[in-house]
2 protein chains.
Amino acid sequence: MARSRNTEQKIFDAATELFLEKGVDRTSVREIAAKAGINLALMNYYFRSKENLFSAIFSSLVKKNSEELIHILDSDLKLEEKIRQYVNVYIDMLSENPLLVSFVMAILHRSRERITEMKAVSSLYATEKFTQQVLEEGKKGNIRRTDPSQLFVDMLSLIAFPFAIKMLIRDKNNFTDKEFREFIQERKKRIPEMLIDSLRLKS
Amino acid sequence: MARSRNTEQKIFDAATELFLEKGVDRTSVREIAAKAGINLALMNYYFRSKENLFSAIFSSLVKKNSEELIHILDSDLKLEEKIRQYVNVYIDMLSENPLLVSFVMAILHRSRERITEMKAVSSLYATEKFTQQVLEEGKKGNIRRTDPSQLFVDMLSLIAFPFAIKMLIRDKNNFTDKEFREFIQERKKRIPEMLIDSLRLKS
DNA sequence: AAATTGTTTAAAACTACGTTTAAAACAAAA
DNA sequence: TTTTGTTTTAAACGTAGTTTTAAACAATTT
């Protein structure tokens, strides 16, 4: 008899929501079981431990949310357009799941020393193709010579960080949720402009 | 008889180190007591609870590290020079305590809903003087008209985020600790250039 | 010197959590 | 009907955060 995908999924979904909302360490397995409407022992039947369940969820979240981004970085678009698309898609994705950034960053801190082991994390960073493209356009003189790492870190920072300090921004500007979303939407124009400006050749 | 400041400080220091290193929720009070070389009950004698101790540490850290920054924002420097100084001082500060960003962001997530209550957090954001200055320079036509909030978020993001993803950057570029520090130092030039560029009037 | 006051220790208790186990009940498939 | 996979109930284990109690200790005050 096939094991009920339904139950495993219910645990997975309940845990995902709680982990994002409260953080892994502030979520108890009893809480997950309650939210999933299942028995505590079933947690151990499907996932051997909380840490196991967390790993599965983390990998799944990162994979689900990075595939499209990697695809853009690896595409044949010219650099300017690539940056525009990347920023747009990334911001849309984070807008739909605003807790993702905090979650991932908490994990980066939690697992600081064993990051190399976490394969999923790898896909959060620039691809080889992107790096090469920036170097080549620099050599050709199409853009200013730029360290691809610096450029990519700039881009990531400008996209992701505001979500991590969402509450600070909301609070200080007295933003409603809607106003915060508009603030973020504004950045879809602003960020590519800044980045592309920084790449332009100066007279 | 005055209570021994020494013991209270030992608890405070041990807890600070552990909280930054492992995160609040992964640090036990028994661990803190052990590291401080004191009895478990003394934790309760000086700070009523772990959460209390954490609050004290958080406030102290934020206050200690934000005073100089606020002073710069509130100074009478012209905007360009103000940005340069802010970026420089901030990066130097975070370089000396690279775990600060992760720590503060973990707290921002942990205390998402009760952020308004945390007075310390307030000082992490732009001041009224800075906001006014950006608006006025825009009106005068000295710089492009700019949303001060967006500008400040850009600045914060470019400064702080790289520290939060330090391990990712190190790993992906095969940086040693020294090389990462150089990577960050490079940003002291790069970030003000970008920001000031984005403020320049276009022909 | 004795009493007072503030500090520290040792020991234990309470509740909650992550984990694991045991035994039984249940349901679909062979 | 037996087998196999799923689910429940119940309990146990060690550890954690917290709190309490009682005693010991040290400096100050009387």
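Each chain gets a letter, A, B and so on, in the order the sequences are listed, and its residues count up from 1. On a predicted model such as this, the values are computed, not experimentally measured, just so you know.
- Straight-line distance from the CD atom of B/Q9 to the P atom of C/dT8: 13 Å, rounded to whole Å.
- An OP1 or OP2 oxygen of C/dT8 is reached within less than 4.0 angstrom by a side-chain nitrogen or oxygen of B/Y46.
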Could you tabulate the donor-acceptor pairs under 3.5 Å formed by side-chain atoms of residues 60-72 of chain A, not counting sequence neighbours?
unit_1 : atom_1 : unit_2 : atom_2 : d
A/N65  : ND2    : A/L61  : O      : 2.8
A/S66  : OG     : A/V62  : O      : 2.8
A/S66  : OG     : A/S123 : OG     : 3.2

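- Between A/I11 atom CD1 and D/dT7 atom C1' the separation is 11 Å, expressed in whole Å.
- B/V104 pairs with exactly one of B/V101, B/L108, B/I107 by the side chain to side chain contact (heavy atoms under 4.5 Å, CB included) rule, that one being B/L108.
- Protein atom CZ of B/F47 is 16 Å distant from nucleotide atom C1' of D/dG17, rounded to whole Å.
- Atom CG in B/D25 sits about 13 Å away from atom P in C/dC17, given to the nearest Å.
- Evaluation of the salt bridge (Lys or Arg N to Asp or Glu O under 4.0 Å) test over residues 88-108 of chain B, restricted to residues two or more places apart or in two chains, returns B/D92-B/K188.
- In the set D/dT19, C/dC17, C/dT19, C/dT19 carries the atom at the smallest distance from any side-chain atom of A/S49.
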Can you give me every donor-acceptor pair (side chain of residues 146-153 of chain B, partner residue at least two apart or in another chain, under 3.5 Å) with its distance?
unit_1 : atom_1 : unit_2 : atom_2 : d
B/T146 : OG1    : B/R144 : O      : 2.8
B/D147 : OD1    : B/S149 : N      : 2.9
B/S149 : OG     : A/N173 : OD1    : 2.6
B/Q150 : OE1    : A/R187 : NH1    : 2.8
B/Q150 : NE2    : A/F183 : O      : 2.9

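- Between the CG atom of A/N52 and the P atom of C/dT19 there is a distance of 9 Å, rounded to whole Å.
- Note: CZ (B/R26) to P (D/dT15) measures 17 Å, nearest angstrom.
- Of the candidate nucleotides C/dG18, D/dT7, C/dT8, D/dT7 has the atom nearest to the side chain of A/T7.
- Counting non-hydrogen atoms of other residues, nucleotides and ligands closer than 6.0 Å to CD of B/E17 gives a total of 12 or fewer.
- One finds no side-chain N or O of A/S28 lying less than 4.0 angstrom from the OP1 or OP2 phosphate oxygen of C/dA16.
- Not counting sequence neighbours, A/E136 has no partner by the salt bridge (charged side-chain N to carboxylate O under 4.0 Å, His left out) test.
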Table please: side-chain donor-acceptor pairs of residues 23-32 of chain B below 3.5 Å, with sequence neighbours left out.
unit_1 : atom_1 : unit_2 : atom_2 : d
B/D25  : OD1    : A/R26  : NH1    : 3.0
B/D25  : OD1    : B/R110 : NH1    : 2.6
B/D25  : OD2    : B/R110 : NH1    : 3.4
B/R26  : NH1    : A/D25  : OD1    : 3.1
B/T27  : OG1    : B/L18  : O      : 3.4
B/T27  : OG1    : B/G23  : O      : 2.8
B/S28  : OG     : B/E31  : N      : 3.0
B/E31  : OE1    : B/K22  : NZ     : 3.3
B/E31  : OE1    : B/S28  : N      : 3.3
B/E31  : OE2    : B/K22  : NZ     : 2.7

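- Taking atom NZ of B/K22 as the reference point, atom C1' of D/dA16 lies 12 Å away to the nearest angstrom.
- Atom C1' of nucleotide C/dG6 and atom CD of B/E8 are separated by 13 Å, given to the nearest angstrom.
- Taking a 4.0 Å limit (strictly below) on heavy-atom distances, residues 30-44 of chain B reaches DNA chain D at B/R30, B/L40, B/A41, B/N44.
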